[in-house]
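Here is the structure we will look at, set down as structure tokens.
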Amino acid sequence: MLAIEVNDLHKRYAGNDVLKGIQLHVTQGEIFGFLGRNGAGKSTFIHILTGITQPTSGSFSILGKTHHQMERIKQKIGVMPDTSNLYQHMKALDFLKYMAALKGDTRSTAELSQLLEQVGLPHVEKQKIKSFSFGMKKKISIAQALLGNPELIFLDEPTSGLDPESAILIQQLILTLKEQGKTIFLTSHNLTEIEKICDTVAIMTDGMIAKVGTVAQLKHAAKETIHVHLRTNPSLDAMRLQECGINDVQFIKHDQAVSVIEVNEEEVIPLLIERLTAQRVKIYEVKIEVTSLEDVFMAV
Amino acid sequence: MLAILKNEFFHTFKSFKSVAIVLFFTLTSVVTASYLTSHPELLGNFDSQAAYTSSIKFLIFFFGFLFVFAVSHDIINREIDYQTIRLLVSKTSRFNIILGKFLGSFLFWIGAISISFLIVSLYARSWFLLDYLTVCTVLFFITCLNIFLSTWISRPSMTMFVGILLGILCPILGFWAAFSSNWYLLPFKYLLPYYYVVESNGYLVIPFVIGILFLAASYFMFNRRDL
């Protein structure tokens with residue numbers, strides 16, 4: 001079953017086309033990573049799906065409910081907005097109580113405290129939100145998105161600005177939510193994180209979905225190449241590489257005593273090392289770098 | 001909706017301005033009522049009932065706009081400005097937000113005015129139902145207009161300015177129009193509640209209806225807005 005189905009979604013702001021016919025499917029129970037440069041239209045897209053903004057044209061359905069049934073959709077989703085603007089004057093627990101009441105979530109004070117602990121905010125119930133650090137505000141923003149037992153959770157950059165330990169905690173929480181059968185729609189500028197936890201990734205550029213697929217599919221589609229970083233003496237150049245007599249090997253650059261060579265297949269690497277050794281080239285260090293999501297993203 | 005109502009009600013109660021206004025209402029009622037009770041000769045041929053509630057009516061009719069705008073001018077646009085509205089709108093309907101905000105604010109003022117009327121009633125040993133309903137109708141109208149302005153104007157600083165301006169102009173123009181037949185005052189005569197208050201009785205339904213129209217317009221604007 002599809003968690004999100006978007007058809008030809010357009011949004012026009014002050015004469016500018018921010019979204020230009022988005023077409024997207026998100027399967028239920030997966031972690032869906034949504035990437036895009038600043039200003040690509042990611043936030044606008046999420047705002048439309050969560051009822052914050054109205055679409056200019058097109059349609060979407062969430063968990064089987066069409067965009068005309070937005071109030072029913074709201075009962076099934078949890079939203080962590082992109083900005084950490086919360087009710088600064090409220091105490092953490094009071095804020096969660098208010099948000100829970102809005103969602104019709106009847107969990108007790110103890111259960112709300114437990115939720116705070118779950119997102120890495122123990123013993124802050126009585127603290128006012130205005131005294132929170134940026135990271136703490138992110139965490140409480142995630143906590144309020146989990147109220148009402150939502151089936152689909154939108155998390156807009158949940159780990160940006162968090163320390164590594166907190167970021168790992170949130171990533172683990174996201175994976176736990178997936179195990180519970182929830183669908184996560186996640187945006188992040190941390191491509192390593194997206195690569196690590198997402199099942200499917202979409203890359204948005206200039207108001208359109210440029211690429212969508214699993215991380216492996218995207219890498220494959222982006223011509224998977226392997227970069228071999230070699231620290232040698234003497235240093236390598238295109239001429240010496242040609243003398244090795246191996247096809248599908250390309251000299252890329254030489255930088256700070258390290259030469260970068262591009263090969264198409266993994267099997268070529270031992271052969272390359274063998275030929276270079278035969279040429280009395282001393283190899284001190286070998287580092288292999290395969291195509292990453294970052295490379296795919298940069299190529300879009 | 002109830003969560004928003006409750007939050008708005010207590011949020012209004014917690015502000016210094018509102019506490020000061022409630023205290024001012026209460027003290028004025030106590031002083032006026034106790035003074036009239038201890039000096040019945042002052043009432044003379046004057047309708048004693050009208051005298052007892054005159055201070056409350058005076059405060060609401062002449063300063064009601066100013067009080068409500070001062071306390072709640074940013075009731076909607078504050079949330080839009082701080083983007084906290086996104087937390088609300090992704091959880092509940094826009095109708096619930098407008099209605100909850102309105103009821104929270106209106107009930108605060110009804111609560112404040114009810115305390116004053118209760119004090120006066122205890123002193124005078126009489127109930128002032130018509131006066132109470134009249135004041136409630138005017139407060140209803142003002143609260144609805146306040147919601148409309150706060151939805152229409154997106155900047156809180158602007159609603160504060162417009163609120164103060166209207167708070168001063170509305171009573172002046174309203175009462176002037178109520179007793180005048182000048183053509184250029186007709187819009188104020190029929191739009192503001194003063195003419196209907198002067199006419200009293202069945203006419204009091206009209207400010208109530210205009211208030212509902214303000215609320216409906218607020219919902220219509222809010223429903224179409226990107227937040």
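By convention in this document, chain letters (A, B, ...) are assigned in the order of the sequence lines, proteins followed by strands, and residues within each chain are numbered from 1.
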[X] versus chain B, the contacting section by heavy-atom distance below 4.5 Å:
X	value
A:Met70	neither
A:Phe154	neither
A:Lys11	side chain

Under 6.0 Å from the [atom1] atom of [X], do we count more than 12 heavy atoms belonging to anything else shown?
X	atom1	result
B:Phe9	CZ	yes
B:Phe24	CZ	no
B:Met158	CE	no
A:Tyr13	OH	yes

If we only count heavy atoms from C-beta on, is the [X] to [Y] side-chain gap below 4.5 Å?
X	Y	value
A:Gln54	B:Asp226	yes
B:Tyr82	A:Leu86	no
B:Ile4	A:Tyr98	yes
A:Ile77	B:Ser90	no
A:Phe95	B:Leu87	yes

Using 0.5 Å steps for rounding, measure from the CE atom of A:Met99 to the CG atom of B:Asn7.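 Between atom CE of A:Met99 and atom CG of B:Asn7 there are 7.5 Å.
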When rounded to the nearest 0.5 angstrom, what is the spacing between OG in A:Ser141 and CZ in B:Arg86?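 So the gap between those two atoms works out to 11.5 Å.
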Counting heavy-atom pairs under 4.5 Å with chain A, which one of B:Asn223, B:Leu88, B:Asn96 comes out on top?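 Most heavy-atom pairs within the cutoff with chain A belong to B:Leu88.
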In terms of heavy-atom pairs under 4.5 Å, which option from B:Glu79, B:Met1, B:Lys6, B:Arg224 contacts chain A the most?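 It is B:Glu79.
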Side chain to side chain contact (heavy atoms under 4.5 Å, CB included) between B:His11 and A:His89, worked out: CA-CA 10 Å; B:His11 177 78; A:His89 63 280; 3.8 Å; yes
Which region of B:Leu2, side chain (C-beta onward) or backbone (N, CA, C, O), has a non-hydrogen atom less than 4.5 Å from a non-hydrogen atom of chain A, or is it both or neither?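 No part of it gets close to chain A.
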Between the side chain of B:Gln83 and the main-chain N/O of A:Asn85, is any donor-acceptor distance below 3.5 Å?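 Answer holds: no.
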Tell me the closest heavy-atom pair linking B:Arg94 and A:Thr53, and the distance in Å.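 The pair with the smallest heavy-atom distance is NH2-N, 4.2 Å.
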Atom of B:Thr92, atom of A:Leu102 and distance for their closest heavy-atom approach: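 For B:Thr92 and A:Leu102, the tightest heavy-atom pair comes out as CG2-CD2, 4.1 Å.
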For the residue pair A:Gln144 / B:Lys91, report whether a side-chain donor-acceptor contact shorter than 3.5 Å exists.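 Yes, a side-chain donor-acceptor pair sits under 3.5 Å.
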